Each structure stands twice: as C-alpha cells, then as structure tokens.
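Structure first, commentary second.
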Number of protein chains: 2
Amino acid sequence: MTTGFSEPNFSHVAAGHAVPVQGPLGSVLFAGCPDLIGTPFSYAREEEIYGEGEDAEFVYKVVSGAVRTHKVLSDGRRQITGFHLPGDLFGFEQDETHRHSAEALSDTKLLIFRRRQVERAANHRAEVACQLWGMATKSLRLAQDLTLLLGRRSAQERVASFLMEVDERLGGNGTFTLPMTRRDIADYLGLTIETVSRTLSQLSDEGALQRVGGRQISLRRAHLRRLVED
Amino acid sequence: MTTGFSEPNFSHVAAGHAVPVQGPLGSVLFAGCPDLIGTPFSYAREEEIYGEGEDAEFVYKVVSGAVRTHKVLSDGRRQITGFHLPGDLFGFEQDETHRHSAEALSDTKLLIFRRRQVERAANHRAEVACQLWGMATKSLRLAQDLTLLLGRRSAQERVASFLMEVDERLGGNGTFTLPMTRRDIADYLGLTIETVSRTLSQLSDEGALQRVGGRQISLRRAHLRRLVED
DNA sequence: CGCGTCTTTGACGTCTCTCAACAGGAGTGG
DNA sequence: CCACTCCTGTTGAGAGACGTCAAAGACGCG
C-alpha cells in the first residue's frame with residue numbers, strides 16, 4: 001500500500017529518484033507554457049523552505065534531494081503530511097497562506113514558480129488546469145492512504161508499510177539508505193521515536209529485514225508484505 | 001441495513017426527472033456547461049453508492065442528505081475518509097476504479113455526472129478544470145487536517161474537534177443532531193465505539209456539552225475550544 | 001408488546017508512550 | 001592519535017490511554 005510519499009505528479013515526467021535533472025529551461029513541468037519556467041534554488045539540510053501561515057507566493061518542484069511538509073500543534077506535537085522526492089510538486093494552497101511548513105531533509109535543489117503565474121496559466125489553459133487538478137487528486141489519494149494507516153494500523157504495520165514504500169520510491173531493489181531520521185519517521189507514522197526503533201529491532205529479530213548502522217536497510221519483502229496485507 | 005443494491009439505472013431516472021441543476025448552497029456546478037447537467041438520483045439510508053474496486057464511471061454531487069466514503073482492510077478494520085454534505089463533490093479518481101467505497105448516511109439525493117463527460121469538459125474549458133482543481137484542493141486540505149488529528153491527537157481532542165466540525169458544517173449555532181452512528185464516528189476518528197461513547201459521557205460530565213438522547217447535542221463551544229487549541 | 005439495533009457502562013488487558021540510561025559515530029580541538 | 005562533546009539511535013522499566021470483552025439500558029419499529 002501507499003504510505004503517502006507524493007509521487008511524481010506528471011506521468012510524462014520520468015518516474016523515480018533517477019529523474020535526469022533537466023536544466024531549468026528544459027523542465028517539462030507545465031509543458032507548452034514557456035512562460036512557466038521555474039527558477040532554480042538551493043536549500044541546505046534542515047533549512048526551512050516555507051512556514052505555516054506564511055504567504056503562499058511560490059510553488060515548488062523538487063529537482064534533487066528531499067523535502068518534508070508538516071503541521072505542528074502549539075505544544076510541539078508534529079505530523080508530517082508528506083515526503084517529496086525529485087519530480088514532486090508541492091506547496092500549492094487554495095488560500096493565500098501555507099497551511100503547513102516545508103523543510104529540506106538533505107541538501108536540496110528546487111525549481112520555484114510564482115503561484116500567481118501558475119494560476120493565471122490555469123485560468124487560460126485547460127491543459128495546465130488539468131495538470132493541477134490531477135496533481136491535487138493524486139495528493140488526495142495519498143493523504144487518504146495515510147489516513148487509513150494512522151487510523152487503523154498497528155505500529156508494526158505502519159513501519160513495515162513505510163519501509164516498503166520507501167523501497168519502492170528509492171528504486172525497489174530491497175536495499176536502501178533511509179533519507180530521514182527516526183524522528184521524521186515517527187512524526188510521519190504517528191508514533192514515537194522509541195516505538196519506531198523498537199519496531200525496527202523487532203522486525204530485524206523476526207528476519208523481516210537486516211540493518212547496517214542506523215539507516216541502511218535490506219528488506220525481506222515477501223516477509224514484510226505478509227505483515228501489511230489488506 | 002442495505003439490501004437494495006444501487007445500480008444507477010441512468011436512462012430510467014433521466015426520463016423521470018430531468019431537472020434544472022443547482023446545489024442547495026446556491027453554487028451552480030460547471031456553470032456555463034449545459035452539457036454537464038447532472039442526473040438526479042436517490043439513495044436510501046445505508047445504501048451503497050459505489051464500492052472499492054468498482055469502475056469509476058460516475059462522479060457525484062450531494063444535493064441533500066449525507067454520504068460517507070471509507071476504506072476497509074481485509075480483517076474488517078474500517079477508516080472513514082470523509083463525510084460529504086450538500087454541495088460537496090465526491091467519487092473522483094485518477095485511476096479507472098474507485099479506491100474507496102461510498103454509502104448514504106441517510107436518505108440522500110445526488111446528482112450523477114458521467115466521469116468521461118466531465119473530463120472532456122475539463123480538457124476543453126479551463127474554467128471547469130479550475131473548479132475541479134479547487135474542489136480537489138479543498139478535499140486535500142480536509143484530509144491533511146484529518147491526518148494531524150489521527151496521528152497526534154488524543155481521544156478527547158478528536159471527539160471535541162469532530163463535534164465542532166460537525167456543528168460548523170451543520171449551521172454553526174452549537175445545537176444539532178448527529179447524522180451518523182457511533183460506529184461511523186469511531187471509524188472516522190480512528191477509535192472504538194466504546195471510547196467515543198465514554199469520551200462523550202466525559203465531555204458531558206465536564207460540562208462541555210449537553211445531550212438529549214444519543215444523537216442530539218448542544219455544545220459549549222468556548223469550553224470545547226480550549227480542549228483542542230493548537 | 002416484543003425484538004433488533006444502538007448506546008452506555010464496567011472490568012480488565014495490552015499496545016504504545018514516557019522517562020531514563022546508555023551506546024555508537026562524526027566532528028573538533030588539543 | 002586521543003579525549004571530548006553532540007547527536008542520533010537503542011533498550012529497559014513502568015505508566016497510562018485506549019481497546020476488548022461482556023452485560024445491561026435505551027430507542028425505534030413492526
């Protein structure tokens with residue numbers, strides 16, 4: 001099942017992390033709209049891209065690196081609503097302000113678009129509006145998958161499901177390095193870092209995966225799949 | 001319980017009531033597109049509108065009544081992903097099949113649109129595509145709010161937040177009758193019916209609300225608001 | 001009135017959280 | 001090269017919130 005990574009939002013864009021980064025002028029985002037050329041921009045690890053409540057002036061597309069978007073309560077509880085990898089578009093809002101925050105997981109390159117320009121293009125070109133509609137629909141489906149995960153799945157199911165999703169997004173060969181900390185994982189899965197850590201140890205003991213250090217993981221996918229059957 | 005299987009007999013209904021189309025909220029859906037006239041259709045309480053995995057041939061707009069959409073796991077665990085009230089559009093998918101099920105909470109009237117027709121209209125008219133984009137974005141925002149609720153809020157916060165949301169969507173005067181069962185509430189909030197019931201009793205004991213029978217509720221909104229501050 | 005469904009309440013179990021200590025790496029400076 | 005610190009991750013013990021199981025009350029409907 002899906003754990004809510006936002007996937008590349010336009011099917012004609014090459015899928016996965018191995019997207020060849022086209023030069024800023026070669027971006028196929030909003031193809032056919034030469035006026036919608038994104039501006040390249042770089043962010044350092046843990047750098048904030050925008051904060052909740054700020055004016056939503058720009059829209060962002062990941063070129064390389066990774067981004068998380070999240071919401072926070074006043075007492076510090078945090079819920080990550082999505083991880084965004086190369087090819088993903090994020091930061092769109094209906095209102096004038098962002099309803100969540102966005103930060104770079106690692107050193108990250110983005111393309112930035114002026115929201116007003118994108119909206120104007122959508123108003124005039126059905127093709128662009130349909131792309132945006134499709135993007136929103138896809139994000140919605142991912143959010144609803146996450147809803148099921150958070151509302152009805154155990155800690156073990158959440159972690160197993162998460163690992164399989166990461167594997168898929170990062171190449172799907174069963175071996176990868178987690179690009180985020182335990183805290184990010186916990187705040188995405190609605191758990192604590194201790195529960196995430198314990199669950200990983202338990203999965204390792206059961207032979208569902210092998211670990212090298214904290215981040216590098218090899219999955220036994222058949223084993224994991226049995227744990228999250230729906 | 002539902003015995004009647006809803007099989008939208010299109011031509012029959014269309015013949016019966018070819019009616020001008022306008023939502024009760026006054027919004028005209030797909031204005032300026034006379035070819036996008038929805039067909040009225042009625043569903044009984046608890047009747048299935050469509051099921052997970054079925055072909056997504058139609059899109060639906062609520063005229064009166066209420067609808068729930070949900071996902072289920074093979075062992076019966078259920079997560080309601082949304083309640084849809086008059087004016088809401090639901091049932092749109094990116095793929096060819098529905099990723100969740102939809103049922104009528106109470107006797108419900110809908111407008112049914114052929115998905116292909118809507119998509120064709122969106123492809124030609126930026127105005128229509130923008131409407132669809134806006135509705136999808138609104139649903140997305142609600143889904144992300146639910147994500148935070150499920151991932152990081154206590155049972156009391158979930159129930160209190162839910163009650164305020166229902167109040168708002170049902171007029172916002174603080175007194176209303178819940179249109180759904182405890183099971184629906186529980187499956188929406190990621191809790192059990194016992195926990196929902198106990199939490200309601202507790203809120204009542206604390207003076208945060210008053211109850212008449214099982215469904216009718218008067219909120220002390222100032223009190224409730226303190227419980228869900230973010 | 002009788003029956004089924006929905007809701008409430010109680011007793012108990014358990015999964016996850018909280019609090020706390022410790023281990024392993026990476027970076028820094030002596 | 002080693003000592004030190006910071007940061008992330010792991011593990012343990014105990015607590016607490018919510019779930020499970022069970023029974024009884026409330027409500028609606030034929």
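As the structure is a prediction and not an experimental result, all values here were calculated from the model. Chain letters run A, B, ... following the sequence lines, proteins first, then strands; residues in each count from 1.
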Next item on the list: Go along nucleotides 20-30 of chain D 5' to 3' and tag each nucleotide: B for a protein heavy atom under 4.0 Å from its base, S when only backbone or sugar atoms are that close, - otherwise.
Entry: BB---------
Note to self: Expressed as a whole number of angstroms, how long is the span from A:I217:CD1 to D:dT8:P?
What the structure shows: 17 Å
Next item on the list: Please check if any side-chain donor atom of B:H70 sits under 3.5 Å from a side-chain acceptor atom of B:Y188, or the reverse.
Entry: no
Margin query: Could you tell me how far apart A:Q216 (CD) and C:dG24 (C1') are, to the nearest whole angstrom?
Written below: 16 Å
Check: Roughly, in whole Å, what's the span from CZ in A:R182 to C1' in C:dC17?
Finding: 18 Å
Checklist line | A:V62 side chain near A:L85 side chain, heavy-atom distance below 4.5 Å | finding: no
Margin query: OP1 or OP2 of C:dT7 versus the side-chain N and O atoms of B:R215: is any pair under 4.0 Å?
Written below: yes
Item checked: Residue pair B:S204 / B:S201, side-chain donor-acceptor N/O under 3.5 Å -> no
Checklist line | Side chains of B:T147 and A:T81, donor plus acceptor under 3.5 Å | finding: no
Note to self: Could you tell me how far apart B:R183 (CZ) and C:dT7 (C1') are, to the nearest whole angstrom?
What the structure shows: 12 Å
Notebook entry, point to check: Taking it one step at a time, do A:Y60 and A:F113 satisfy ring-ring contact (aromatic ring centres under 6.0 Å, His included)?
Noted result: CA-CA 6 Å; A:Y60 308 82; A:F113 301 84; 9.1 Å; no
Checklist line | Contacts of type side chain to side chain donor-acceptor pair (under 3.5 Å), residue A:R68, not counting sequence neighbours | finding: A:E46, A:E103, A:D184
Item checked: C:dT9 phosphate, OP1 or OP2, under 4.0 Å from B:S201 side-chain N/O -> yes
Check: Quick one: do the A:S218 and A:T175 side chains pair a donor with an acceptor below 3.5 Å?
Finding: yes
Item checked: Which atom of A:A56 lies closest to which atom of A:D95, heavy atoms considered -> CB-O, 4.5 Å
Notebook entry, point to check: Roughly how many Å is it from CG in B:L191 to P in C:dT7, rounded to a whole number?
Noted result: 15 Å
Next item on the list: Using heavy atoms and a sub-4.0 Å distance, could you list which residues of residues 153-161 of chain B are near DNA chain D? By number, please.
Entry: B:S154, B:A155
Next item on the list: Just do the ring-ring contact (aromatic ring centres under 6.0 Å, His included) check on A:F92 and A:F90 with the steps written out, would you?
Entry: CA-CA 6 Å; A:F92 244 118; A:F90 68 93; over 10 Å; no
Item checked: Integer-rounded Å distance: C:dT18 C1' and A:I193 CD1 -> 11 Å
Checklist line | C:dT5 phosphate, OP1 or OP2, under 4.0 Å from B:T181 side-chain N/O | finding: no
Next item on the list: Measure the distance from CG on B:L200 to C1' on C:dT9 and round it to the nearest whole Å.
Entry: 13 Å
Next item on the list: Please report, rounded to the nearest Å, how far the P atom of C:dT7 is from the CG atom of B:L203.
Entry: 16 Å
